[in-house]
Structure formats: structure tokens, C-alpha cells
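Please read these numbers as outputs of a predicted model, since none were measured by experiment.
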Amino acid sequence: MPGKKTAAAEPEKSAAAELTAAENKTAAPVAEPAKEAPVKKAPAKKAPAKKPAKKAEGTESAKTEKKAPARRKNVKKAEAAPAMEEAPVAEAAPVAEAAPAEAEPKIEEKTTEETKVDEPVVDLPQPRRSVAFIGSECYPFIKTGGLGDVMYALPKALTKQNCDVKVILPRYACIPQKYQEKMVYRGEFMMDLCSDGRSFYVGIMEYVWDGVVYDFIDNNDFFSWGNPYTDLVRDIPKYCYFAKAALAALNYMNWIPDIIHCHDWQAALVPVYLRTLFANTPIGGAKSMITIHNLRFQGIYNIPTLQYWTGLPGYVFGYGFMKQGYEDANMLKGGLAYADMITTVSNTYAWEIQTPFYGENLDAHLRHHSGKLRGIVNGIDVDIWNSATDKLLAAPYDINDVIEKKKANKRALQEALGLEQDDGKMVIGLISRLTDQKGLDLVNAIFQQMVDGNTQIVVLGTGDGRYEDAFRWYENAHRGTVCSYISYNEGLAHQIYAGADALLVPSLFEPCGLTQLIAMRYGTVPIVRETGGLKDTVQPYNAFTNEGNGFTFDRYEAGLLLDAVNRAKTLYFTERERWDEMVERDMAKDVSWENSAKQYRDAYLQLKP
């Protein structure tokens with residue numbers, strides 16, 4: 001029930017607190033003392049002799065085990081029975097691997113020094129804020145696009161900004177078993193959902209990783225089939241349930257955040273529920289933020305169906321809120337109306353979506369709410385995307401040896417893809433979904449003109465059949481010069497980022513874009529259209545001042561894309577020293593999540609000072 005609560009999430013100092021609680025994310029296995037929490041080695045010293053902590057764990061385990069026998073039957077339906085057998089170990093597993101017992105003597109000798117290491121914690125941004133992320137996907141559990149990357153990387157970056165973060169996700173059956181079996185049972189309850197009083201089971205399974213707590217909403221009726229997104233007939237009821245269950249779970253666990261940060265249409269009903277059905281519950285005092293990752297997808301369906309599956313009051317389906325056209329309701333539109341703040345994934349995209357061309361029929365609605373709309377550019381996980389430690393590369397490199405090592409990676413890429421091995425060739429890469437949104441109609445129009453005796457082109461991706469067939473034809477027509485890999489291969493993507501000289505991103509619209517950020521991180525020069533996050537992150541090259549980190553064009557025209565490609569070729573072949581300087585500038589550019597996380601923290605403080 002929305003208002004149902006237990007003592008499942010006590011404060012950090014309580015002896016009955018779970019060791020995986022979000023309040024204690026920097027040292028999950030140890031519940032005391034606070035000053036040692038940030039020291040990664042300290043838990044290893046304390047763990048063997050930590051009698052009080054074991055009592056706390058035993059107390060909490062006892063509470064859970066009272067429900068466990070009944071839950072095992074439910075868990076079997078969700079294909080996660082091993083979770084109960086391994087629950088006590090799973091709580092500490094992510095940290096235990098990094099705390100070998102053989103390090104204990106050293107830790108005991110250096111306690112005083114390590115206490116000094118704790119001092120910088122005082123300099124963390126104040127005040128501390130708690131944030132609940134609610135979304136439909138998150139790496140590494142389930143990922144279909146950029147949203148999964150953001151749901152993983154942003155919470156992790158926010159923990160370094162003194163934010164207490166919990167991520168709430170659906171427990172899809174397609175989540176890999178290696179994660180399923182380490183989830184810990186947190187509780188279960190029945191929740192009213194539909195307008196006729198129909199109720200559904202809500203189970204909560206928890207997983208802790210990298211200082212972030214992940215709570216999975218478990219229900220076989222909605223999450224037992226394969227892919228997370230199927231069709232609107234099944235997805236609409238599924239995400240109506242998920243949005244309400246996420247809020248009910250927070251009430252149930254008695255974990256009341258300062259901010260609830262939801263993402264895209266799948267979680268867009270969260271602000272609507274929060275201000276209506278949950279207004280008089282403990283969670284009702286939280287502020288809400290919704291982030292638009294791609295405005296094209298909105299969750300639109302007929303009003304009677306949404307009224308039934310949400311159980312929301314009738315006034316919510318008015319024109320100023322969820323109503324769209326004459327007969328439909330729009331879940332994203334409702335979320336935008338009820339949220340306390342709206343963010344997009346770049347400043348330029350925040351402006352673009354208020355215009356008819358980019359607004360996807362919500363431009364007027366967004367202009368009405370423009371006072372609470374802002375843009376914050378995404379980052380990338382610089383630990384994963386690190387050319388110096390990337391084991392998928394033939395020759396890892398950093399900014400000091402990028403010029404030489406990129407040649408070695410280019411030769412390895414040419415050999416792997418059957419291209420003519422020649423350091424003097426310019427290799428242009430394209431890693432993308434093969435759709436009109438990504439500008440593939442422009443690429444298709446000028447492809448033959450890009451191919452010359454000095455240029456090689458590598459395409460990686462899948463999408464519309466007409467583009468897949470076109471690129472296969474280009475490969476057959478230009479053997480040794482063009483390679484079209486019509487699939488997705490993570491290892492090959494890394495090798496293209498490292499081995500290519502330039503990367504094409506000529507999108508029709510691009511809310512943020514990650515490929516250009518990864519390309520710059522790997523010293524590959526981006527060629528982009530000035531839209532959305534591409535405009536915000538790529539500074540056009542200026543031949544007079546020798547500044548900039550890429551080549552850009554503004555209007556969506558094939559001729560302008562060809563001009564940008566030719567400008568890049570000219571610099572590459574005639575002024576290689578300046579090109580190499582641009583490569584080094586790209587690698588020096590900060591594309592991490594740190595700056596973005598600071599901006600999100602500032603936004604949270606605006607909502608709740």
C-alpha cells in the first residue's frame with residue numbers, strides 16, 4: 001500500500017541498520033565508526049573481529065528470515081531462488097573482493113595515517129542530499145541505449161558530491177543471472193493499482209555496487225517476459241505499475257529522499273502520483289525532477305486505458321496535464337506538468353525542444369513550463385572509456401604517446417577489417433544506429449564522394465534495411481577501402497574509436513550524444529552537425545586561431561556535411577602538425593561526469609535548499 005511502512009531502512013547509527021543502506025555506501029560492510037567509512041582498507045581490518053556489526057547483521061537477517069520461507073516461493077516465480085541462499089554474503093560481496101585478509105596487519109599499523117586520509121571528507125559539498133533515481137534501465141543490469149549509461153554513471157558520480165543515492169529499477173527476467181542471484185530480499189506487499197481496486201504484488205530485491213544501492217521492483221505479471229520494451233499494449237500497464245510501485249516501495253522501506261529524479265516517459269507518472277495519490281504519505285514531501293533523454297518517445301495511449309491502469313483522478317487528464325489531442329493521454333506530458341524541475345541532456349536541446357521542429361507536439365507545453373526547464377550535458381564513464389587501460393586495443397595510449405600509438409591502432413584496425421594497410425590513409429569511422437535521426441540520409445547522399453584514393457571508411461551499426469543494404473553495396477564496390485560491419489560489436493567499437501582519425505556524427509537531432517565524447521576521449525576528431533549536445537560539446541575548428549576540437553556544419557544539408565568532411569581532410573593531409581595538436585586538445589578535454597554531477601547537485605539544492 002502506498003502508505004505502508006516498516007523499519008526496513010533505519011538511520012546509519014542504528015544497530016539494526018542494513019549494511020547495504022544507502023546512508024553507508026562508502027563502506028558497506030562496516031556500520032561504525034563514521035570517520036573510517038571513506039577508507040577502503042579499513043573494513044578489511046575490522047571485518048574479522050567486528051562483533052557489534054555481526055550482531056546488527058544477525059538482527060536484520062532474523063527479520064528478513066521470518067518472511068523468507070514465504071518469499072522463496074515468490075522468488076522462484078521470478079527466477080531468482082538462489083538469492084535467498086546467498087543473501088548474507090551478497091550484501092557485502094562487492095566490497096569483500098577489494099579487501100583481502102592478507103592486508104590486515106598493514107592496516108593495523110597505519111591506522112593513524114589512514115585517519116589523516118579521512119580529513120578531505122570534511123571538504124565534501126554541504127549539505128548532504130538524498131536522491132532516488134527511478135528509470136527503466138541501467139547498465140550493467142539492462143541497457144538498450146544512452147539512458148542505461150546515465151542511470152549507471154550519474155548516481156556513481158553523485159556519491160562523490162555528498163549525495164546519498166538509491167536507484168529503483170524493474171526486475172526484468174532478462175537481467176543476467178549473475179546479478180539476480182546476488183540480490184537480497186527486502187520485503188513485499190500488495191498495492192492497489194487500477195481504478196476498479198485491482199491490486200498487484202510488489203516485491204523488493206536489493207543489490208549494492210560501487211557505493212550505490214539498487215532496488216529492483218519484482219512482479220511476474222509485468223516483468224517476466226524478455227526485452228524491457230515490447231509494445232505499447234503491454235508497456236503502458238507495465239510502467240503505470242512501475243511508477244506507482246517505486247513510490248510505494250520508498251514508503252515501505254521508510255527511505256524518504258529529498259529529491260526523486262525520474263527519467264523519460266517510463267517513469268514520467270512518478271511526479272503525477274507524487275502530487276496526487278501520494279501527496280499525504282511520507283514520500284509526498286519529496287521534490288521531483290524529470291529528465292528528458294529523447295522527446296520523441298512519450299507514452300501516448302487512449303484516456304480510458306490510462307485512467308484504468310493508473311487509478312488517477314479525472315482532473316489529471318485535462319489539457320493542461322495529460323490530455324493529448326481529443327482521445328489520448330500523454331504520460332510524459334503529465335510528468336512535465338507535475339515535476340518541480342525539468343532537465344534535458346544538453347543546453348541546446350533544452351532550447352530546441354521549445355520549437356515546433358524539435359518539440360514533437362509538446363513545444364507549446366514546454367514553453368509554458370520553460371521557467372523550470374534547464375539543460376545539463378551528459379558525461380561518460382572515463383574509467384570504462386580510457387585509452388590508457390583499454391584491454392581491447394592493440395596499443396593502449398595516453399595523451400603523451402597518442403600520435404604514435406594511434407598509428408599502431410589504425411594498422412590493427414585495417415588488418416582486422418580487411419582494409420589496405422597504409423599509415424598514410426585517413427580513416428573515417430561511423431558508429432551509429434542506421435536511422436534518419438542519425439543523419440544517415442546525408443551520409444548516403446555523399447558516400448561516393450567521400451571515397452577517394454586517400455580515405456578509408458568504416459561503418460558499424462544496425463538499423464533501417466535500406467541503409468544496411470546501401471552500406472553493404474558500398475563495401476562490395478570499394479573492397480579494401482570501405483568496411484560495413486552491419487551488427488554491433490563492443491570490441492570493434494573500441495578499436496574504431498582508437499584506430500580512426502575522424503568520426504562522423506551528422507545527426508538530424510541529438511539530445512546529447514555520447515559517441516563524440518568517446519571519440520574525443522580517444523583522440524579521434526569528431527565531424528558533427530551543430531544540434532543538441534553535439535553543438536554544446538564540439539567547438540568548431542578555427543584555422544586562424546588554431547582553436548577548436550572538431551569540424552561542424554549547421555543546416556541539415558548533404559553538401560554542408562561534405563564540406564565539413566573536406567575541411568577535415570584538408571587539415572589532415574596538408575597541416576598534420578595542427579591536426580595532431582587538435583588530437584591532443586581532444587584528449588585533454590574533460591568529458592567526465594564530475595562537472596555534470598556538480599550541476600545536478602546544484603539543481604537539487606535549488607529544489608530543496
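In this structure the side chain of V443 never reaches within 4.5 angstrom of the side chain of V459, judged on heavy atoms. The side-chain heavy atoms of I300 and W265, taken from C-beta on, include no pair separated by under 4.5 Å. Put simply, the side chain of R578 reaches to within 4.5 Å of the side chain of L571, judged on heavy atoms. Taking 4.5 Å as the limit, every side-chain heavy atom of P170 sits out of range of all side-chain heavy atoms of I217. At a threshold of 4.5 Å between non-hydrogen side-chain atoms, the residues H263 and I290 do not count as touching. For the pair V538/M520, a side-chain contact is recorded, criterion being any heavy-atom separation below 4.5 Å from C-beta on. Annotation: side chain of Y497 is in contact with side chain of I431 (closest heavy-atom distance under 4.5 Å). Taking the side chain as every heavy atom from C-beta outward, I260 and K287 never approach each other to under 4.5 Å.
Qualifying side-chain hydrogen bond (donor to acceptor under 3.5 Å, both in side chains) partners for S507, counting only residues two or more places apart in sequence or in other chains: E510.
Between the side chains of H261 and Y604, at least one donor N or O sits under 3.5 Å from an acceptor N or O. Using modelled atom types and a 3.5 Å distance limit, the side chains of Y229 and E137 yield a donor-acceptor pair. Side-chain contact check for N302 and T305: at least one donor-acceptor pair (N or O, by modelled atom type) lies under 3.5 Å. In this structure, a donor-acceptor pair under 3.5 Å is absent between the side chains of D363 and T355. Y488 and E490 share a side-chain donor-acceptor pair at under 3.5 Å. Using modelled atom types and a 3.5 Å distance limit, the side chains of D536 and Y349 yield no donor-acceptor pair. Side-chain polar atoms of H478 and Q456 form no donor-acceptor pair below 3.5 angstrom. For the residue pair N546/E581, the side-chain donor-acceptor check at 3.5 Å is satisfied. With no hydrogens or angles considered, no side-chain donor-acceptor pair links E468 and T462 at under 3.5 Å. Side chains of Y522 and D390: a donor-acceptor N/O pair is present below 3.5 angstrom, by distance only. When only modelled atom types and interatomic distance are considered, D235 and Y301 share no side-chain donor-acceptor pair under 3.5 Å. Under the 3.5 Å distance criterion, with hydrogens and angles disregarded, a donor-acceptor pair is assigned to the side chains of Q298 and N330. Counted by atom type alone, T524 and K406 present one or more donor-acceptor pairs between their side chains at under 3.5 Å.
Ring geometry, Y474 versus F447: the interplanar angle falls under 30°, so the pair is classed parallel (tilted spans 30 to 60°). The aromatic rings of Y139 and W209 sit tilted, their planes meeting at an angle between 30° and 60°.
Under the 4.0 Å criterion applied to side-chain N and carboxylate O atoms, D469 and R466 are not assigned as salt-bridge partners. Between D590 and R521 there is no salt bridge, since none of the side-chain N atoms of the basic residue sits less than 4.0 Å from a carboxylate O of the acidic one. Salt bridge status for D149 with K143: present, with a side-chain N to carboxylate O gap under 4.0 Å. By the 4.0 Å N-to-carboxylate-O rule, R433 lies too far from D464 to be salt-bridged with it. Salt bridge R296/E360: present, at least one basic N to carboxylate O contact under 4.0 Å.
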Practice problem: For salt bridge (charged side-chain N to carboxylate O under 4.0 Å, His left out), just list the numbers for D563 and R567, CA-CA rounded to whole Å, side-chain angles, deciding distance to a tenth of an Å, and then say yes or no. | Solution: CA-CA 6 Å; D563 177 68; R567 281 185 278 122; 3.0 Å; yes

Exercise. Could you check T159 against D164 for side chain to side chain contact (heavy atoms under 4.5 Å, CB included), going step by step and ending with a plain yes or no?
Key: CA-CA 6 Å; T159 61; D164 192 1; over 6 Å; no

Quiz prompt | Audit row: D501, V525, side chain to side chain contact (heavy atoms under 4.5 Å, CB included) steps and yes/no | solution = CA-CA 6 Å; D501 297 295; V525 175; over 6 Å; no

Self-check item: Residue pair L607, K372: steps toward the side chain to side chain contact (heavy atoms under 4.5 Å, CB included) verdict
Solution: CA-CA 10 Å; L607 290 177; K372 59 182 182 182; over 6 Å; no

Exercise. Evaluate the side-chain hydrogen bond (donor to acceptor under 3.5 Å, both in side chains) criterion for residues N549 and Q539: first the C-alpha distance (whole Å), next the side-chain angles of each, then the deciding distance (0.1 Å), finally the verdict.
Key: CA-CA 5 Å; N549 52 19; Q539 178 187 355; 5.2 Å; no

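Atom CD of Q266 is separated from atom CG of L147 by 7.0 Å, given to the nearest 0.5 angstrom. To the nearest 0.5 angstrom, R472 atom CZ is 5.5 Å from I486 atom CD1. Distance check: Q448 CD to M450 CE gives 9.5 Å after rounding to the nearest 0.5 Å.
Nearest heavy-atom pair across L503 and A519 is CD2-CB, 3.8 Å. Between I292 and L295, the shortest heavy-atom contact is CG2-N, 3.7 Å.
With ring centers used as reference points, Y338 lies under 6.0 Å from F321.
A donor-acceptor distance shorter than 3.5 angstrom exists from the side chain of T344 to the backbone of S346, with no hydrogens or angles considered. For E475 (side chain) and F471 (main-chain N/O), no donor-acceptor pair under 3.5 Å exists by modelled atom type. Without hydrogens or angle criteria, K333 side chain to K323 main chain gives a donor-acceptor distance under 3.5 Å.
Among W579, F551, Y541, the one residue that satisfies the ring-ring contact (aromatic ring centres under 6.0 Å, His included) test with Y572 is W579. Partner F141 forms a ring-ring contact (aromatic ring centres under 6.0 Å, His included) with one of F216, Y152, Y172 and no other, that one being F216.
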